[in-house]
Amino acid sequence: MSVIIVNYNAGDYLRRSVESLLEQTVSDFECFIVDNGSTDGSMAALPGLDARFIKMEMGENLGFAVANNRAADRASADWIALLNPDAFARPDWLEQGLAARSRLPNVAMVGSTQILALEPHKFDGLGDEYHAFGVAWRAGFGEPIRDIQTREAFGPCGAGAFYDRHVYQALGGFDESFFCYHEDVDLAFRIRLAGYRCVQSAETVIDHVSSAISGRASEFAVYHGTRNRIWTFFNNMPGPLLILLTIPHLLSNLAFLTVSLFRKGRFSPTFRGMRDGFFTRPNSRSAKVVRKASLLSLLKSMGWNPLKVVKRRCVNERPLSDHSE
């Protein structure tokens, strides 16, 4: 297993994140700690580490997408696990993530159950879901902790995601033009187009501070989230579905813009994100994925009920048996 932590001024969180890997029940792993030009001394504050840990200094902030791709290029394992620097893995995180791969056929993604580290009675996320109108959301965010079952999700949240490295690299990894935000949804869409699936594991657990570094409501986050949401839709939606869903996608974005009028500091980055999302295209885009998944399977993987977006519900609530098909 190859673990990747991308750091940018994560402060003391980085040390705690790395130390959580030292306590794993699976000890046969390598870990790439990729630093995007931090200036807060977080790398220097790391404890003494053994040969499993490889530090990669980028020298500047190249973004989450680029940093993960550079580490994936150097990884030697068949699977990679991404861990945010403000996320702390439970001791059996790697063990459970690897075990979850057998829960469905054609699995190339495994998602972690995410607990809010600063509010441990709440979920931070139960996987990424995608509405057919081109809106993604992190299921379960902010909900009270309850018993959950392993199920299928659209894709994993990049804060604690497992990917088949060969599939990841064959599809070009994260789109580097995204810089950060929504790149995990874009990648999950491409992986699904290629015919693979995602297990959202109840037993694979991390504690996540959640947007501790960039700020969930910052202009930076709003702009990139808006632009990249639109890019994801137009980059990946198959032609027949694009014809059907483009107008609903436009209306959904207009709804976001309208809501931003009533939220301080949101209108300008939302407007700029929409402008750049609709009128520019990523310049680092890899070759278009050859679709192997049927349109029906894609439609089943997406949400259609707008209330699921608003309430952050899971699209597929059905638990997986040990031999789910």
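In this chain, numbering begins with 1 at the start of the sequence shown.
Between E143 and R312, none of the side-chain N atoms (NZ, or NE/NH1/NH2) sits under 4.0 Å from a carboxylate O, so this pair counts as no salt bridge. A salt bridge is absent between R272 and D276: the closest approach of a Lys/Arg side-chain nitrogen to an acidic carboxylate oxygen does not fall below 4.0 angstrom. With respect to the salt-bridge test (charged N to carboxylate O, under 4.0 angstrom), the residues R74 and E30 do not qualify.
Counting all heavy atoms, side chain and backbone alike, L298 lies closest to P238 at CD1-CG, 3.8 Å. Heavy-atom minimum distance, D86 versus S210: OD2-N, 3.4 Å. Across every non-hydrogen atom of G277 and W231, the tightest pair is O-CD1, 3.4 Å.
At a threshold of 4.5 Å between non-hydrogen side-chain atoms, the residues F178 and H224 do not count as touching. Using a 4.5 Å heavy-atom threshold, the side chains of V135 and F256 count as touching. Using a 4.5 Å heavy-atom threshold, the side chains of W79 and R165 count as separate.
Counting heavy atoms of neighbouring residues, nucleotides and ligands inside a 6.0 Å radius, atom OH of Y223 exceeds 12 of them.
Sequence neighbours left out, the pairs with a member in residues 125-135 that pass side chain to side chain donor-acceptor pair (under 3.5 Å) are E129-R151.
Ring pair W93/F88: centre-to-centre distance not below 6.0 Å.
Taking CD1 from I33 and CG from N7, the interatomic distance works out to 8.5 Å, rounded to the nearest 0.5 Å.
A cation-pi geometry, defined here as NZ or CZ lying under 6.0 Å from the six-membered ring centre and within 45° of its normal, does not hold between R101 and F162.
Between F234 and F278, the angle of the ring planes goes over 60°, which puts this pair in the perpendicular group of the 30/60° scheme. Ring geometry for H249 versus F233: interplanar angle under 30°, hence parallel rather than tilted (30 to 60°).
Residues N236 and R192 bring no donor and acceptor atom of their side chains to less than 3.5 Å of each other.
Between the side chain of S2 and the backbone N or O of F32 there is no donor-acceptor pair closer than 3.5 Å. Proximity of a side-chain donor or acceptor of S38 to a complementary backbone N or O of N9 within less than 3.5 Å is detected. For N69 (side chain) and F174 (main-chain N/O), a donor-acceptor pair under 3.5 Å exists by modelled atom type. Looking at D28, its side chain never comes within 3.5 Å of a backbone N or O of M1 through a donor-acceptor pair.
Tracing side-chain contacts under 4.5 Å through hydrophobic residues (I, L, V, M, F, W, Y), one reaches F29 starting from I206; they form part of the same cluster. V3 and L98 fall within a single hydrophobic cluster, where Ile, Leu, Val, Met, Phe, Trp and Tyr are joined by side-chain heavy atoms under 4.5 Å apart, directly or via other members. There is a path of hydrophobic side-chain contacts, each under 4.5 Å, that joins M237 to F279. Residues M302 and Y196 share a single hydrophobic cluster, defined by chaining ILVMFWY side chains whose heavy atoms lie under 4.5 Å apart.
Scanning for salt bridge (Lys or Arg N to Asp or Glu O under 4.0 Å) contacts around D147 gives an empty result, with sequence neighbours left out. For R16, there are no salt bridge (Lys or Arg N to Asp or Glu O under 4.0 Å) partners two or more places apart in sequence or in a different chain.
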